[in-house]
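In what follows, chains are A, B, ... by sequence order, proteins preceding strands, each numbered from 1.
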Amino acid sequence: MQTAVFFAIAAIAVASALGLIVRRNPIHGALFLVVNLGSVAAIYLMLNAQFLAAAQVIIYAGAIMVLFVFAIMVLIPGKEETGPDPLRPFRLVAIPFGAFLLVEILLMLVVRPAPPREPPGAEGGAEAIGRLLFTDYLFPFELTSVLLLAALVGVLALAKRKA
Amino acid sequence: MILLVPGSYYTGLSAVLFAIGVTGVLVRRNPLVIFMSIEVMLNAANLALVAFGAQFRNADGQVLVFFVMTVAAAEVAVGLAIIVAIFRLRPRLSVDDLSAMRW
Amino acid sequence: MEFHLINHPLDCPVCDQAGECWLQIYYMKHGLYEPRMTDDKVHKPKAVPLGPHVILDAERCILCSRCVRFCDEVTRTGELGIFGRGDRSEIGLFPGTELANKYSGNVVDICPVGALTDRDFRFQVRVWYLESQKSICPGCARGCNIEVHVNRRRPHHAQGRRVVRLKPRFNDAVNKWWICDEGRYGYGFVDDPSRLTAPLRRVGGKTLDVSWTEMFTLVADGLRRYTADEIGVIASPKMSNEDLFLLERLVDGLGVRAVDYRVPPAQPGDQDDFLIRADRNPNSRGAELIGLGRSDARAILNAARDRRIKCLWVFHHDLLASAWPEGEVLDALLGAETVIFQGTNANATSAHAHLTLPAAAYPEREGTYTNFEGRVQRFRQAFEPLGQALADWESLGCLLQAVQGAGRPSRAEECFRALAAAVPAYAGLSYRSIGDGGQMIATGSP
Amino acid sequence: MPGTLTDASIAFGLVTFVMLFVLNLGGLMTWIERKQAAIMQDRIGANRASIFGLRLMGLFHPLADAIKMLTKEAFYPARADRVLFSLAPFVSVFFALVAFASIPFGDTLSIAGREVPLQALTFNVGLLYVFAMLSLGVYGVMMAGWSSANNFALLGGQRAAALMITAEVAIGASIVGVVMVYGSLNLMDIVRGQGALLGGWLPMWGIITQPLAFVLFLTAGIAATKRIPFDMPEGESEIIGYFVEYSGMKFGLFVMADFLETVVIAGMTVSLFLGGWQVPYLGREGWAFPWGATIVLPRLPVALLQVAAFVFKLVVMIWFLMLIRWTLPRFRYDQAMRLGWLGLFPLSIANIVLTGGALLLWGPR
Amino acid sequence: MRPAQRVYLREVLSGLGLTARHFFVNMGRHIAHALGRRNARGAVTIQYPEEHRGYSPRLRSLHRLVRREDGSPRCVACMMCETVCPAYCIYIVAGEHPNPEIEKVCEAFSIDLGKCVFCGYCVEACPEDAIRMDTGILGDAPRARARRTRREASVSGTHPPRPDPVACRPPSSSPSPPSPSPRPSG
């Protein structure tokens with residue numbers, strides 16, 4: 001049962017990721033990416049990481065991708081990838097390269113098999129993450145806030161028109 | 001909830017997604033799409049982290065994912081601002097035109 | 001002014017002249033709106049018929065005697081005079097006469113007030129509802145200049161007629177200020193119920209409405225089916241120069257030799273030395289100059305009787321009402337395999353036609369006529385054609401396109417330009433140079 | 001496996017109940033909206049639709065609307081992206097519909113020997129779930145705006161996106177206070193937490209513990225549903241907005257999504273701030289008033305009372321949202337943005353700080 | 001602007017209070033009405049086809065053609081009203097009177113009430129005081145009126161009407177609509 005669900009979701013995830021890189025229209029690409037993020041969130045749910053699933057949807061799908069779609073809408077009219085591509089042969093090399101990379105990673109996974117299953121332990125809820133976040137990872141957490149602040153300032157500086 | 005699906009399935013899916021992301025970055029010309037492909041790669045990495053975390057009964061992976069998300073948000077904000085700023089001035093949307101910083 | 005108004009009734013709302021009355025205009029301009037006259041007005045006869053066309057209202061008359069002078073000096077018939085004295089004077093007929101000369105309608109035009117009114121126009125429409133357009137009288141070969149007065153906005157007036165009256169238009173070289181009564185009241189056919197409004201096709205005993213496109217292919221096929229010698233065309237001198245020219249082109253292209261325009265009327269028209277011409281057609285000269293008199297109409301009919309001509313194409317004429325024996329004509333019409341009729345109104349001839357093409361009447365289109373002296377004069381469109389009727393030049397243009405693949409003229413002016421270029425008599429003429437007064441054709445040409 | 005079957009049927013029953021409840025409420029809201037507006041404005045309101053002369057105060061108007069919308073022409077603009085164009089209204093409605101799943105409408109009820117929490121989706125981060133679904137609703141709007149190939153629609157979509165981001169930031173920040181007070185992301189736990197008594201007599205509802213958050217959440221919530229006074233994305237007097245090109249049932253779905261989102265926001269408000277299904281002093285065994293009186297009640301009536309309380313609160317909340325909708329004029333776009341970023345957001349942060357301080361001083365731990 | 005106003009909350013609340021008061025008051029009235037108190041009205045709406053708002057006594061909405069002492073219409077078919085009519089709703093067909101003193105009469109005079117805007121210009125334009133507008137109600141029921149938009153407020157002349165192209169002939173049997181306030185026509 002769970003395996004079937006997993007494969008269904010995985011199929012959606014892979015298909016939407018492929019859709020992203022195949023479709024010419026960036027809006028379609030962005031919407032495919034949203035689907036992809038949603039299916040990854042579903043997989044988080046299957047991995048019992050409920051907080052992450054919700055955060056994934058809220059942050060990624062709800063905020064980041066909205067930003068993307070917004071930017072595409074602002075920029076795109078008449079600027080799709082059209083016209084001849086001078087670097088087309090080089091680009092097509094990327095496909096076997098990607099395939100090669102995939103094989104490589106999968107080989108690594110096969111060579112190093114997963115450890116044996118253990119009984120369920122830590123809960124994937126907000127409490128466990130919160131506890132870790134504010135004890136072991138307090139310093140990185142604070143660093144993140146500094147990073148966000150820096151990003152905020154940077155974006156404002158970029159977006160503001162020259163006076 | 002018991003893991004009924006072998007953990008390697010999740011990491012496998014993560015690998016596939018990562019490879020697709022890499023291909024997207026290499027194949028596409030539109031910087032926005034490249035950016036989105038990077039997001040796919042980040043996601044694949046996140047998925048791997050969560051899967052490993054679940055295997056080892058450890059929430060650290062999830063915390064890491066949380067950080068990745070935060071960083072991704074910041075990165076997207078800055079990146080999009082840069083792209084918008086550049087392509088306000090240009091007629092075409094292609095990374096090949098962005099050679100001003102090459103020398 | 002005041003004296004004029006002492007006995008003039010103040011019934012402008014009822015008076016037919018209101019709106020084009022000089023007394024009213026002066027009154028409004030200089031007006032003494034408070035009358036100082038307290039006595040009763042003198043009452044005189046009202047609504048006295050003077051003749052077949054004119055009615056007199058003696059109360060409104062200001063005794064200018066223009067009408068009397070007209071009858072004395074222009075028509076030299078002298079029916080009218082002023083009778084009585086002082087404020088009892090009034091216009092009247094000499095005993096035993098009536099105002100029945102051929103130009104009697106003109107007294108209505110020259111009357112400055114509403115004393116003389118037109119029986120035909122009286123109470124039909126108020127003059128401020130009218131629009132007018134310059135035109136040419138199609139009644140005879142003189143080609144008098146006229147104005148067509150049109151009532152478009154109040155269709156319930158004047159029994160729905162669109163043309164409500166014709167007025168002469170001054171042209172010193174042609175008709176001065178006058179027109180004859182025959183021309184003045186000769187507009188009835190324009191709004192007559194007998195008007196043809198749709199292309200018709202008669203198959204067996206049934207008449208079918210067809211569209212113009214179908215009609216053009218039908219006619220073009222019909223013309224192509226016969227050899228040039230099997231086609232006979234009877235053009236009409238009622239057609240404008242533009243129509244005739246396009247017809248000439250068409251006939252020329254087909255190589256048809258049996259073409260004529262002369263059909264003698266049953267009663268020969270009278271003629272006088274003033275305006276009226278015996279030839280009751282406006283454009284016989286034009287048809288002659290453009291060269292449509294290649295053959296003899298009677299001979300064409302005879303050929304049709306002998307079954308040598310199989311396709312007969314008649315424009316406007318009612319051949320059955322011509323001077324020719326009715327039996328012979330009927331025989332010819334029944335003998336021809338295909339009879340095409342093109343005209344404004346249905347008549348006895350059109351009843352025998354297999355294909356009927358409705359044509360626009362002269363106020364519905366524009367064009368030029370060449371009068372008997374060779375003066376080319378222009379008439380203009382006053383309103384849209386009735387139903388689907390098309391000006392002859394338009395339908396002929398479409399036929400030219402269908403038969404010969406030639407370009408179709410989109411305006412009458414285009415046809416005339418081609419005419420001026422092709423026919424030497426018309427060389428140098430253009431709509432612009434014709435203007436309102438007309439222009440003589442190049443002298444010395446046939 | 002009879003157990004699994006029972007589980008499945010219970011789950012199916014809950015989902016069906018919530019689905020029907022929300023959908024019918026959303027459908028009824030067109031009627032509520034018309035009638036309430038009419039009564040507020042000294043009018044009678046739509047009452048003409050009749051079946052065999054039966055008018056029922058205009059209750060047939062939603063039906064008539066549905067028939068009209070279903071029979072209208074499905075129009076596609078010439079240069080529209082047809083797939084996205086057709087998909088957009090469904091996306092909108094879908095996320096509005098599923099968002100309600102995690103809102104509890106009653107305490108646990110024992111059915112067939114197991115304790116069943118009365119909510120369609122038992123989820124330990126339920127609050128985040130509702131929030132996430134609401135935030136996904138924006139995609140329907142943006143897809144509609146973009147795929148219509150119409151500049152006004154695009155502008156409407158962009159306004160909607162910006163507005164919803166603004167509102168969601170404020171919502172997210174304002175509910176943190178509530179989460180801190182009740183110590184859970186699970187809506188069921190939050191509601192249960194509101195059953196406690198403050199000082200022995202005052203129910204510890206969110207509106208009492210978090211008054212500032214209540215105002216902020218309500219404001220941001222209205223903004224997130226794009227209803228008046230925050231309806232700049234669809235301001236009919238200026239740009240009409242993302243659904244300019246829509247007609248028939250597709251348009252109807254957008255309106256439906258609007259109403260459903262209103263229901264969800266009302267449900268969230270009730271759950272977070274108005275005690276959810278809690279009836280004051282009503283515990284599992286019956287009423288226990290602070291002055292000592294008790295009324296003992298069996299479990300089933302208690303559960304029914306609780307569900308009724310939730311529905312009642314929800315309806316009152318919807319009434320209140322409608323009241324706001326028919327009272328306030330529309331904000332200008334920049335005013336709304338200013339309000340969101342310079343008003344609601346900083347105040348929410350301040351609320352978090354205040355709550356933290358208060359918890360440190362008087363908190364349980 | 002005062003800072004308190006900028007916060008806007010007080011204004012919002014007072015506005016909500018106002019609308020809520022209206023809501024509850026009207027709701028109470030509606031309920032009272034439903035319970036049988038007929039004079040309780042929660043709305044100012046008039047349910048039009050069933051209810052009517054009374055016409056003002058000063059309303060002049062019924063055209064009336066005035067007659068001479070001998071009963072013939074005063075109208076002389078001068079077309080002044082037809083000319084001035086901004087709605088083009090008056091149709092007059094003129095005819096000749098056998099008495100040359102009267103000369104011109106209207107053979108048919110019809111007003112298309114479906115087009116009429118009741119501006120009263122025709123009354124002002126008439127030089128003969130032949131048309132007036134009286135108090136009175138146009139049609140008994142608006143639906144009935146909609147069904148016959150061309151209700152003729154007309155009079156037939158002394159002549160039998162001759163066939164005219166526009167279908168606006170007056171009913172030959174009923175000479176004039178009953179005027180509610182008969183005045184001496186003079």
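- Put simply, of A/Ser145, A/Ala17, A/Gly98, A/Gly29, the one with the most heavy-atom pairs under 4.5 Å next to chain B is A/Ala17.
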Practice problem: Please report the C-alpha distance between A/Phe51 and A/Tyr44 in whole Å, then the side-chain angles of each, then the deciding distance to 0.1 Å, and finally whether the ring pair (Phe, Tyr, Trp, His ring centres under 6.0 Å) criterion is met. | Solution: CA-CA 9 Å; A/Phe51 176 77; A/Tyr44 287 169; over 10 Å; no
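- Neither the backbone nor the side chain of A/Arg131 comes within contact range of chain B; no heavy atom of the residue lies under 4.5 Å from a heavy atom of that chain.
- Put simply, of A/Ala99, A/Ala13, A/Ala151, A/Gly154, the one with the most heavy-atom pairs under 4.5 Å next to chain B is A/Ala151.
- Residue contact with chain A, scored on non-hydrogen atoms closer than 4.5 Å, involves the side chain of B/Leu17 exclusively.
- For B/Phe66 and A/Tyr137, the ring centers sit 6.0 Å or farther from each other.
- Proximity to chain A (any heavy atom under 4.5 Å) is shown, for B/Val25, by neither the backbone nor the side chain.
- Counting all heavy atoms, side chain and backbone alike, B/Ala74 lies closest to A/Leu148 at CB-CD2, 3.9 Å.
- If you measure heavy-atom distances from B/Val78 to chain A, the contacts under 4.5 Å come from both the backbone and the side chain.
- A/Leu101 touches chain B through its side chain: at least one heavy atom from C-beta onward sits under 4.5 Å away, while N, CA, C and O do not.
- Between B/Ser14 and B/Ala48, the shortest heavy-atom distance links the atoms OG-CB, 3.4 Å.
- Between A/Ala49 and B/Val50, the shortest heavy-atom contact is CB-CG1, 4.0 Å.
- Interface residue A/Ile105: only side-chain heavy atoms are found under 4.5 Å from chain B.
- Separation of atoms CG (A/Leu31) and OG (A/Ser16) is listed at 11.0 Å; rounding is to 0.5 Å.
- Closest of all the heavy-atom pairs between B/Arg28 and A/Ile21 is NH1-O, 3.1 Å.
- There is a side-chain donor-acceptor pair under 3.5 Å between B/Asn43 and A/Gln56.
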Quiz item: Would A/Phe7 and B/Tyr9 count as a ring pair (Phe, Tyr, Trp, His ring centres under 6.0 Å) if you check the C-alpha gap in whole Å, the side-chain angles of each, and the deciding distance to 0.1 Å?
Solution: CA-CA 9 Å; A/Phe7 275 113; B/Tyr9 281 22; 5.3 Å; yes
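- Highest contact tally toward chain A, considering only B/Asp60, B/Thr11, B/Val22, is held by B/Asp60 [criterion: heavy-atom pairs under 4.5 Å].
- Among A/Ile59, A/Leu106, A/Val22, A/Leu67, the residue with the largest count of heavy-atom pairs under 4.5 Å with chain B is A/Leu67.
- For A/Ile95, the parts lying under 4.5 angstrom from a heavy atom of chain B are both the backbone and the side chain.
- For A/Val5, no part lies near chain B; criterion is any non-hydrogen pair under 4.5 Å.
- When heavy atoms are compared at a cutoff of 4.5 Å, B/Leu47 approaches chain A by way of both its backbone and its side chain.
- For chain B, the nearby parts of A/Ala30 are the backbone and the side chain; heavy atoms of each come within less than 4.5 Å.
- For a residue to count as touching a neighbouring chain, one of its non-hydrogen atoms must lie under 4.5 Å from one of that chain's; by this rule A/Phe141 touches chain B with backbone and side chain alike.
- The shortest heavy-atom contact between A/Ala53 and A/Leu45 is CB-CG, 3.8 Å.
- Considering every non-hydrogen atom in both B/Asn46 and B/Val65, the closest pair reads O-CG2, 3.5 Å.
- Ring planes of B/Phe35 and A/Phe68: perpendicular class, angle over 60° (limits at 30 and 60°).
- Residue B/Ala44: no heavy atom, backbone or side chain, is found under 4.5 Å from chain A.
- Among B/Leu64, B/Val84, B/Ile20, B/Thr23, the residue making the largest number of heavy-atom pairs under 4.5 Å with chain A is B/Ile20.
- For A/Ala63, no part lies under 4.5 angstrom from a heavy atom of chain B.
- For B/Ile82, the parts lying near chain A are the backbone and the side chain together; criterion is any non-hydrogen pair under 4.5 Å.
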